[in-house]
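Counting starts at 1 for both ligands and their atoms, following the listed order.
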Amino acid sequence: MKTVAKLFLVGISACLLIIYIVTMPSGSSVLISLKPTIEPKTDFIFPQNVNDHNVVHQNVLKMESPENYNKHIAGNKDMPQTEEELYHDPYLKVKYRVDQTIVSTFDAQEYIKNSAHDSDPMKLNSFDQSQSDKIGSFRQIIDSRHYSCAARAEDWSNLPSSSIIMTFYNEARSALLRSVVSVLKRTPSHLLTDIVLVDDCSDDPDTGRLLKGLDPKIKVLRNIERQGLVRSRIYGALNAAGEVLTFLDSHIECNVDWLQPLLFQLTQKPRGIVSPVIDPIKAENLEYRVASSNIKGGFTWALHFTWVSLTEQDNQKRTKDSDPIVTPMIAGGLFSIEKKWFFESGGYDMNMDIWGGENFEISFKNWMCGGYLYIMPCSRVGHIFRKKHPYTFPDGNGRTYSKNTKLVAEIWMDDYKELFYQNRASARYSEVGDVSSRRELRERLQCNDFQWYLDNVYPELEIPEHKYVTISFNNWCLDSFGKTEYEVGLYKCHDKGGNQSWQINKSKSVVSQDDLCLTIRNKILVMKPCHNGNMHQQFEHDEDLETLYNSYNDVCVNVLNFKSRVVGVGRCNQDGVSTRWQITKV
Ligand code: UDP
Ligand code: MN
């Protein structure tokens, strides 16, 4: 499609959205049918430590104090003892209770029965829907917190109240219902202002609409056109009554006292984002597992989200298991934020479509613009992690992810956006439209730059070196002549790369071609296999003096005899004796 036409369409949809937000009475709807096809979910790295989850499962149970744990089980009459009981739903077909008061006669069984189904239970949701239906609207789950968390209840006397915002698109009814019921049952009523469900134009409008009958705190909004999760969450946020906004996915189960630690942290430090530890619920059998609380969110340069281990420095800063985990990135689906700060800091980038990228934007923005991101170990919420998206992307999955992440790179990553493009080449050609208003937001909030973020928030992130360079002097280029253990020299620059193209790895100060490194041998320079820690292979490029300096021998790479093109090592000083090299990216 032509750019102009596309811009026009984007404009029109934005207007429609705004008009819709202002005028749409909740519940009314226009149905647009979408062909359900399944796209591979290529843009989400399944938690690297997913196996750790299993390992840690045992560790966490071991860490629990046994008396405490037994007491918990004994004191909880609902606690299932057998597998059958675990999946028996005491709330099916009975009056549904909230806070000991009967408020509804919602028929969960009937509601779930009328969900869309397929003979393949994995087909519509990428998790086992029949298993989900069997579990029904509620189940007991293991209290997965570290046992020391229970002692923190005294912190919780003066907390703000929160709205829950849950957007969904063609969600399995049993999973959506269980998500909502777990909020109702495991959140103290006085901390819960409302639950805002945003139906992102699902095929069946009743899935959301019927839930209104479950509890007076539930509001149901519906998009007249599919918007994706970013614009849907904004729509929800605009209609939320709470002082705090808590965003949740539509296939989660809140654990015991999950909200209080999040709210408590926001009372200590209002401008920031707090996330629970996300316990994985297995897509294949809906088993609730206990996640490690020793991981934080990170990313690759292609802007893939990953889970990473805490560093030694991270651990040193924490004294108790209940201390917040400082994280460079949030997974994105589950978090709390003060409503005031959410909107002051620009909400989300409304240009992002369907799914993906928004967690980078909100994470970079919070760190760079005076906020923070913490994971609160004493807050636990289960989430069904799935291996592929069950829904369509109107523009295609890859293209949408490229566009969304390009918006992040262009607005927040300064020169580091080059690394993003090197790792996600398709994004160079994505059309992202006008980014000026988001850049203005960054100006207005007087944000730090991306280098600050890397230095202060994610110092352990490996920064791959800028690709290839030529190293030249008077248009004569440093050349390896393609040989090992052979004297390097000068050759007329030919712009063809090859033996004249070099990599300078800044962190390790190595000048290399493939696995061979520039190496000092007596007074000359030769190419030798790179060895970590070989001090004769370490050169620092001084950008001001334009020198290549080896501190171990205290020498510089110099042109020893220009006429005969001889290069070697020699004196290094600031008065122009050492060679000034021109380093040019190729
Ligand atoms: N979602 C939505 N509209 C969309 C895509 C997703 O409302 O076009 C919702 C989805 O139902 C879910 C949330 O956004 O509640 C996050 O999506 P998903 O769970 O697929 O992402 P994941 O957890 O796999 O990253
Ligand atoms: Mn999800």
Review point. Any heavy atom of H383 sitting closer than 4.0 Å to ligand 1?
Key: yes
Practice item. Determine whether N351 and V432 make a side-chain contact, defined as any pair of heavy atoms from C-beta on separated by less than 4.5 Å. Key: no
Study note, to complete from the structure: Out of F168, Y391, W355, the nearest non-hydrogen contact to atom 6 (C) of ligand 1 is supplied by Y391
Exercise for review: May I ask you to say whether E361 pairs ionically with K365, meaning some side-chain N is under 4.0 Å from a carboxylate O?
Suggested key: yes
Practice item. State plainly whether the residues K403 and D395 are in salt-bridge range, i.e. N to O under 4.0 Å. Key: no
Review point. So, does G228 sit close enough to ligand 1 that a heavy atom of it is under 4.0 Å from the ligand?
Key: yes
Check your understanding: Under a 4.0 Å heavy-atom limit, does M166 contact ligand 1 with its side chain, its backbone, both, or neither?
Key -> neither
Review point. With sequence neighbours left out, what residues match K269 under salt bridge (Lys or Arg N to Asp or Glu O under 4.0 Å)?
Key: none
Point to revise | Protein N, O or S atoms lying under 2.8 Å from the Mn ion (ligand 2), listed by chain and number | key: D249 OD2, H251 NE2, H383 NE2
Point to revise | R233 N/O under 3.5 Å from ligand 1 N/O | key: no
Exercise for review: Answer with side chain, backbone, both or neither: which part of I354 has a heavy atom less than 4.0 angstrom from an atom of ligand 1?
Suggested key: both
Point to revise | Test ring-ring contact (aromatic ring centres under 6.0 Å, His included) applied to H389 and W355, Y401, F127, the passing residue | key: W355
Exercise for review: Check R226 against ligand 1 and report side chain, backbone, both or neither, counting heavy atoms closer than 4.0 Å.
Suggested key: side chain
**Study point:** From CZ (R380) to CG (D279), nearest 0.5 Å
**Key:** 4.5 Å
Review point. For F247, what residues pass the ring-ring contact (aromatic ring centres under 6.0 Å, His included) criterion, not counting sequence neighbours?
Key: F335, F342
Check your understanding: Using 4.0 Å as the upper bound for N to carboxylate O, is an ion pair formed by E410 and R438?
Key -> no
Practice item. Would you check whether T167 has a nitrogen or oxygen atom less than 3.5 angstrom from a nitrogen or oxygen atom of ligand 1? Key: yes
Check your understanding: Are E284 and K387 ion-paired here, with the side-chain N under 4.0 Å from a carboxylate O?
Key -> yes
Practice item. Could you list which atoms of ligand 1 come closer than 4.0 Å to a heavy atom of D200? Key: 2 (C), 3 (N), 4 (C), 7 (O), 8 (O)
Point to revise | Pair R439 + D349, salt bridge at N-O below 4.0 Å | key: no
Review point. Polar-atom distance check: H251 versus ligand 1, any N or O pair below 3.5 Å?
Key: yes
Exercise for review: Could I get the full list of salt bridge (Lys or Arg N to Asp or Glu O under 4.0 Å) partners for E344, not counting sequence neighbours?
Suggested key: R271, K340
